[in-house]
Amino acid sequence: MKFELDFFRQQGYQVCRGVLNASEIQILHTLLAQAQAQACQELQSALELPELSDLGAFMSACEREPARFEALPIELRKLLVGHFSLETRLDPLLWTIPRSAGIQALLAEIFPGQRVGMHMPPTARFVLPGHRWSGVPVHQDISYNRHMQDFVTIWMPLVPINARCGGVIIHEGTGALPEQSLPEEGSPPYPLFWQSELPDLGYPQIQPEFEPGDVLLLNPWILHASAPNLSDYTRLSVDCRFFTGSSQKHSLDLQHWQVLEPSPC
Ligand SMILES: O=C(O)CCC(=O)C(=O)O
């Protein structure tokens, strides 16, 4: 498999089609669909919700009274914003991604001749229909990932992504912007969990469509945000960060398939 990445180098993002094969997609989808069912049960029972559909009302109440959200255990807060548990993110089945021939071909094109690591653990997300609280506000990946110098995000959905089941909104033309300063904490809109939203600089916004197996490459500077899920099915996706050089957090060595301790500063 060979990829032409000139567009990525110029624009800071690119959609690559058919990177993961059907059996890789099946492994990842099964893992995350089971984990999502379990996460929903956990949320319903921990929050004592009669129905899962009461989750929206619970989150709206937290928006009116953020202290209520902040008082919850961190693992519960993460589930509420669509982050799978650490146990799921550490599942070796997620190594299907860096072991995939398609992903390896992409990495060889992005980092030619270089030794590549994957930040551990990868992020895996579920976005329940209409659950807007799982949406990451407009950001640059650099501001969430200061522990790696040279990295690329590979985002991949495990369900079809279209105008209703949204994936990622890209602010086209921002791939070479310098790092933007975050607005003062507390300035509106104040997210429940994420860093404050970067201001909209007026660039055109696009929302690519995907089939499972397609992936999105993002450089650390491009402005992007989650798109809402207006469909009637849950969005399942994984985002992995691959880097060269050292990392000050745990990573997966893609040559020896070992998890490495953080490098000293
Ligand atoms: O999956 C999402 O909704 C957001 C992903 C994202 O912003 C990222 O991977 O940097």
Side-chain angles (χ1 to χ4, degrees), residues 8 11-16 19-20 28-29 32 35-36 39 59 78-84 88-89 94 97-98 103 106 110 118-148 150-172 174-175 177 179-180 182 189 191-198 200 203 205-212 214-231 233-243 249:
F8 173 63
Q11 295 294 325
Y13 82 94
Q14 186 169 328
V15 178
C16 299
V19 176
L20 296 167
L28 297 166
H29 183 273
L32 295 191
Q36 184 241 308
M59 290 305 277
K78 285 187 178 172
L79 289 181
L80 282 168
V81 295
H83 265 249
F84 280 110
T88 301
R89 296 169 62 204
L94 283 180
I97 298 165
I103 294 287
L106 254 185
I110 299 170
M118 181 179 83
H119 169 71
M120 277 294 288
T123 304
R125 305 171 199 257
F126 61 101
V127 183
L128 297 169
H131 194 81
R132 61 188 161 84
W133 303 274
S134 302
V136 192
V138 180
H139 66 285
Q140 293 172 303
D141 275 3
I142 186 71
S143 52
Y144 282 93
N145 294 281
R146 296 191 186 288
H147 54 285
M148 295 172 288
D150 185 10
F151 71 92
V152 165
T153 299
I154 303 188
W155 180 92
M156 67 213 73
L158 296 161
V159 296
I161 296 295
N162 47 45
R164 294 199 62 73
C165 183
V168 176
I169 299 171
I170 293 161
H171 294 222
E172 199 160 36
T174 61
L177 277 188
E179 185 173 354
Q180 305 293 294
L182 289 172
L192 284 170
F193 187 81
W194 315 107
Q195 292 180 352
S196 305
E197 179 161 52
L198 289 177
D200 180 359
Y203 288 82
Q205 298 179 21
I206 57 152
Q207 197 179 312
E209 302 203 348
F210 298 79
E211 286 302 321
D214 301 340
V215 309
L216 173 65
L217 307 183
L218 298 165
N219 81 6
W221 300 282
I222 188 144
L223 292 180
H224 62 286
S226 305
N229 182 0
L230 308 172
S231 77
Y233 59 88
T234 298
R235 191 245 271 185
L236 300 172
S237 62
V238 183
D239 36 282
C240 300
R241 274 133 196 108
F242 293 96
F243 65 94
K249 293 195 177 172

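First listed ligand is number 1; within each ligand, the first listed atom is number 1.
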Quick one: side-chain hydrogen bond (donor to acceptor under 3.5 Å, both in side chains) partners of Thr174, sequence neighbours excluded?
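None.
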Using side-chain hydrogen bond (donor to acceptor under 3.5 Å, both in side chains) as the criterion, list what pairs up with Glu172, not counting sequence neighbours.
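Here the qualifying residues are Tyr13.
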For His224 and His171: C-alpha separation, side-chain torsions, deciding distance, then whether ring-ring contact (aromatic ring centres under 6.0 Å, His included) applies.
CA-CA 6 Å; His224 62 286; His171 294 222; 8.7 Å; no
Donor-acceptor contact present, side-chain Asp239 to main-chain Thr153, <3.5 Å:
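Side chain of Asp239 to backbone of Thr153: no pair is present.
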When you pair each N or O of ligand 1 with protein N or O atoms, which pairs come out under 3.5 Å?
unit_1   : atom_1 : unit_2 : atom_2 : d
ligand 1 : 1 (O)  : Arg125 : NE     : 3.3
ligand 1 : 1 (O)  : Trp155 : NE1    : 2.8
ligand 1 : 1 (O)  : Arg235 : NH1    : 2.8
ligand 1 : 3 (O)  : Ser226 : OG     : 2.6
ligand 1 : 3 (O)  : Arg235 : NH1    : 3.2
ligand 1 : 3 (O)  : Arg235 : NH2    : 2.9
ligand 1 : 7 (O)  : His139 : NE2    : 3.1
ligand 1 : 7 (O)  : His224 : NE2    : 3.2
ligand 1 : 9 (O)  : Asp239 : OD2    : 3.3
ligand 1 : 9 (O)  : Arg241 : NH2    : 2.8
ligand 1 : 10 (O) : His139 : NE2    : 3.3
ligand 1 : 10 (O) : Asp141 : OD1    : 2.7
ligand 1 : 10 (O) : Asp141 : OD2    : 3.1
ligand 1 : 10 (O) : His224 : NE2    : 2.9
ligand 1 : 10 (O) : Arg241 : NH2    : 3.0

Which of parallel (below 30°), tilted (30 to 60°) and perpendicular (above 60°) describes Tyr144 and His139?
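Perpendicular: the ring planes of Tyr144 and His139 meet at over 60°.
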Who pairs with Arg235 by salt bridge (charged side-chain N to carboxylate O under 4.0 Å, His left out), at least two apart in sequence or on another chain?
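Arg235 satisfies salt bridge (charged side-chain N to carboxylate O under 4.0 Å, His left out) with no other residue.
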